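Predicted model only: the values in this text are computed from it and were never measured.
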Amino acid sequence: MDDNTKKEMLLIAADALQSYGRIKSSATLRRHAGSLELDTSEIFSEQTQERPFGVSIILPTFKGAGRISRALDSLLDQTEDRANFEVVIVSNGPLDKTPDVVAEYQKHHSELQITFLRTKTAGASNARNIGLRHARFAYCTYLDDDDYISPQYISVLLQHAEPNRLVFAKIIDFDEAGQRPSPISDQVRQAVETEGSNHISRPFYVRSILSMTCAKLAPTACLLYFDFDVDLHSGEDVVFWTEVIVKHHLNLYVPEDIDEAVYYREVRQGSVSRRTDDFSFAVTERLEVLLRIQKMEGLVASTIDAECKTFLQSRYAGQSGFIISFLRKYKERYRDFLSECRRLCIREDIIKMVNDRLADTLVISYCFPPFNDTSAIVMTKRIIGWQWPVRVISNDMGDRRSRSAELYNVIVPYLASHVELKTSVSFAHERPIREFAEQSLKSFQAIPKTKTPSKIYSRSMWAASSFAAALIKVNNPHVMWTAEFSDPLVLDIHGEERKGDVPPDWLTSLGLLEAIEKLAPDHASTSQIFRLAELLPYILADEIVFTNEDQRHYMLSQPWLQTVRDRAMSISMICPHPSLPSEYYSMGRASVSVDMTKVNIGFFGSFYATRGLREVLVALKHISAQGVDGVVLHVVSSDASALVEEVNAFGISALVQVHPSLPYFDCLASFRSMDYLLVNDAVTAGIKPVNPYLPSKLSDYLGADQPIWALVEPGSSLSKANLPAGSIMSTLGDETEYSKTLVEMIRAKYTPQTVELAAL
């Protein structure tokens, strides 16, 4: 924008402000348009000089006939010349006897300048706005109809008034029990002591008195630039004075004779500030105030100084305090809090401010969003299922895993903090695992003592999580540790012990050997890293989570841990992988196209040596040879090259569509376009005495509430799962049964009615 355009815009603004009555003269603005500079303090000074010296007292009243006399009596008692102040009474809402009460004062005290205004619209904000527009004097103060002021209140404040100054009064609270000094005034006094001056340079020091409308004197010309927000049910005074301070930098002043200028504030049990158990007040209305301040900060972000930024932070913290107190008492409403934050578009840093004071659990998850991994997804679902904020320590998995911004975005609202360590990524090597454990301990110790988590939750697969949690536990025995196992660690899918040893002094240097010698002395010489990753939770954790009963039986039946089995069993529990709430299945895009006239079977995920689809392909080949083609198997995977070769070799490419891997939430959205979701057990017959694996994708499938085709080993956890209506179970590896099942699926769907419907 060139200078001429800037000048023209300033001139237009000057004339507009004058025409709308915001300023009496546009001369100052026009003068500054020539130099492209704007000094608002000079505008206030000019407008203040145009108004008569004195104070306009704005007094809103709602059905105040029974209480307004006390406020009016205190105005009659003022020592200041009555020619130097007026009271603008604004009766709002339903009409009562207030006009009669005021008329009596006008009749018997004609020297008291009273302007009585009436509005049918209830609300102190609207009444204050109306009253301010009728103010005649250079300075303005507010008085509520249930409060009163000391005799020297006006004279003291007026004595210290200046065109660009906000002058504070003292506050004394009272109720049926009597009077007592207000903590707000204690904060003002402390500000003077801290500053060593009656001039307060930091609004943060007097943040409480700047959160209420009354007990202060301001230049009327300044206040006319602002309105109390009539759409706010509470907190409108917080927003109003925040805007005044942030946008116009009034000088803040505490009179030396402040003890003579006293605002007596009635504290009633029914007042707005006592509605702390009400979700609307404590959460929704606080968020609406935060939204106003958030928007205000966005408009002036490039111009405010460090002091104003600190002041704004205090505003966020003050309003958040109500939310925090409420949610600590009503934890079940945390999800509602997040819903309100989404509805109002509250910034992440403000949500994190609340979470920071609520979080009592530290999650140690070696792999965590934004990295796309089964472990990260399951931990995300766990946290969302808890519906409570957490702190997280994870590792940078950039060398091994792709990133998913969508996955991270859904978990961010639940995070109080997230420390992503930069250690080398390793599944089995001792040095990277040790580095992760040691840095996790340092990160835990860096959490402020007032916010130290009382609980830690670790999740393995990725053995490093167990070591990190164990190290924190031995250094902080009072912290409760819950350790989750997703799969057996010591034995792989073939029943073979995983390789990986640690040096003799490794446990000693970590400080873990002493705990093992004390709690499991027969394991003091153990050097296998995966045995240690299981052993440490068994002897140190307060709670152990297995995802299914067979997993627990299999892991705890291993001969090597016989001496710690009883303890591990006694603190163990079964907690299957959680499913996300239904709304998460609509977040992504259903990008797998389907033929509505055919049976669409979806397989989503990876292939393993003991979990593949070869027998399903054989069954498809068999029914294809019989001329049956009313089915399509959709395979969505990142590693389907071997499957494609088999499909081509079998000549069934018309029955199998292979799709590249999809973002997680696109997968969830695509589930609902399938007639069946295919899940299969890992093959363990002849390898393991029981099948300890429950496919993690089952929990995702269950959340979609679509029929599932489960290929199960007899007696497995999958075979005992409660599946949605219309689901089918087939014996794992039985090609003949698969063929029959496919034909039955087609017969159930391929009817004239479904064909006609699909054509439409």
Side-chain angles (χ1 to χ4, degrees), residues 60 62 92-93 119 121-130 132 142 144 203-204 207-214 223 225-247 270-301 304 308-309 311-358 387 389 412-414:
F62 176 83
N92 62 95
T119 174
T121 303
S125 292
N126 182 56
R128 287 167 182 156
N129 293 337
I130 292 172
L132 181 61
Y142 295 91
D144 287 345
F204 171 78
R207 57 197 178 277
S208 294
I209 200 169
L210 290 174
S211 296
M212 60 181 295
T213 300
C214 305
L223 299 188
Y225 278 82
F226 309 99
D227 281 329
F228 287 91
D229 193 326
V230 297
D231 292 327
L232 290 175
H233 296 286
S234 64
E236 70 282 352
D237 41 6
V238 174
V239 175
F240 181 85
W241 290 105
T242 300
E243 193 168 17
V244 170
I245 295 301
V246 169
K247 290 187 176 180
S271 65
V272 168
S273 59
R274 296 295 183 268
R275 294 168 49 207
T276 52
D277 280 352
D278 178 12
F279 182 86
S280 293
F281 171 78
V283 179
T284 300
E285 292 176 23
R286 304 286 61 77
L287 289 174
E288 288 173 345
V289 170
L290 288 168
L291 177 63
R292 270 42 168 212
I293 299 173
Q294 172 183 306
K295 289 180 177 178
M296 183 193 313
E297 184 180 13
L299 291 172
V300 299
I304 60 174
C308 279
K309 288 181 180 178
F311 177 56
L312 285 171
Q313 286 301 309
S314 74
R315 290 310 209 206
Y316 293 134
Q319 295 298 301
S320 297
F322 287 92
I323 299 172
I324 292 161
S325 297
F326 178 88
L327 291 177
R328 281 175 175 163
K329 190 173 181 179
Y330 303 101
K331 290 189 173 184
E332 70 276 7
R333 300 304 301 271
Y334 182 79
R335 184 176 181 181
D336 297 328
F337 157 70
L338 288 185
S339 296
E340 288 292 82
C341 288
R342 286 192 292 270
R343 180 179 69 86
L344 295 170
C345 298
I346 299 298
R347 286 197 326 240
E348 287 179 4
D349 62 303
I350 297 175
I351 300 173
K352 185 168 288 188
M353 180 182 293
V354 173
N355 289 347
D356 187 52
R357 291 174 59 187
L358 291 178
Q387 289 298 308
V412 161
Y414 293 90

S.K.: Can you give me the closest heavy-atom contact between F326 and D277, atom names plus distance?
M.R.: CE1-O, 3.5 Å
S.K.: Enter the distance from I350:CD1 to Q313:CD here, rounded to the nearest 0.5 Å.
M.R.: 8.0 Å
S.K.: Is R207 reaching over with its side chain to a backbone N or O of F204, donor-acceptor style, under 3.5 angstrom?
M.R.: yes
S.K.: Is it true that D144 and R128 make a salt bridge, defined as a side-chain N closer than 4.0 Å to a carboxylate O?
M.R.: yes
S.K.: Do the non-hydrogen side-chain atoms of S125 and F240 ever get within less than 4.5 Å of each other?
M.R.: no
S.K.: N92 side chain to T119 main-chain N or O, any donor-acceptor pair under 3.5 Å?
M.R.: no
S.K.: If I take atom CZ from residue F228 and atom CG from residue N129, how far apart are they, to the nearest 0.5 angstrom?
M.R.: 7.0 Å
S.K.: Report the C-alpha distance between V283 and R333 in whole Å, list the side-chain angles of each, state the deciding distance to 0.1 Å, and finish with yes or no for side chain to side chain contact (heavy atoms under 4.5 Å, CB included).
M.R.: CA-CA 10 Å; V283 179; R333 300 304 301 271; over 6 Å; no
S.K.: Once rounded to the nearest 0.5 Å, what's the spacing between atom OG1 of T242 and atom CZ of R315?
M.R.: 3.5 Å
S.K.: Applying salt bridge (charged side-chain N to carboxylate O under 4.0 Å, His left out), can you list everything that pairs with K295, at least two apart in sequence or on another chain?
M.R.: none
S.K.: Check I346 against I351 and note the closest heavy-atom contact, atom names and distance.
M.R.: O-CD1, 3.9 Å
S.K.: Where do Y316 and Q294 come nearest, in terms of heavy atoms and distance?
M.R.: OH-CA, 3.4 Å
S.K.: Looking at every heavy atom in both V238 and S211, which two are closest together, and how far apart are they?
M.R.: CG2-O, 3.6 Å
S.K.: Please tell me if the side chains of M353 and I323 come closer than 4.5 Å, counting only heavy atoms from C-beta onward.
M.R.: no
S.K.: Working to the nearest 0.5 angstrom, can you tell me the gap between M296 CE and L312 CG?
M.R.: 7.5 Å
S.K.: Are the side chains of F226 and L132 in contact, using a 4.5 Å heavy-atom criterion?
M.R.: no
S.K.: Which atom pair, heavy atoms only, marks the closest approach of R286 to S234?
M.R.: NH2-OG, 2.9 Å
S.K.: Do side-chain atoms of R328 reach the backbone of R357 as a donor and acceptor pair under 3.5 angstrom?
M.R.: yes
S.K.: Looking at I304, is its backbone amide N or carbonyl O close enough to the side chain of E297 to form a donor-acceptor pair, meaning the two atoms are under 3.5 Å apart?
M.R.: no
S.K.: Report the residue from I324, V289, V239, V354 that forms a side chain to side chain contact (heavy atoms under 4.5 Å, CB included) with Q319.
M.R.: V289
S.K.: Go through S339 and R342 one step at a time and tell me if the side chain to side chain donor-acceptor pair (under 3.5 Å) criterion holds.
M.R.: CA-CA 5 Å; S339 296; R342 286 192 292 270; 3.3 Å; yes
S.K.: Would you check, one step at a time, whether the test side chain to side chain contact (heavy atoms under 4.5 Å, CB included) holds for V246 with V300?
M.R.: CA-CA 8 Å; V246 169; V300 299; 3.6 Å; yes
S.K.: Roughly how far, to the nearest 0.5 Å, is the OH atom of Y414 from the CZ atom of R335?
M.R.: 6.5 Å
S.K.: Side chains of D237 and Y142: closer than 4.5 Å at any heavy-atom pair?
M.R.: no
S.K.: State the CG-CD distance between D229 and E236, to the nearest 0.5 angstrom.
M.R.: 8.5 Å
S.K.: Can you give me the closest heavy-atom contact between A127 and P60, atom names plus distance?
M.R.: CB-CB, 3.6 Å
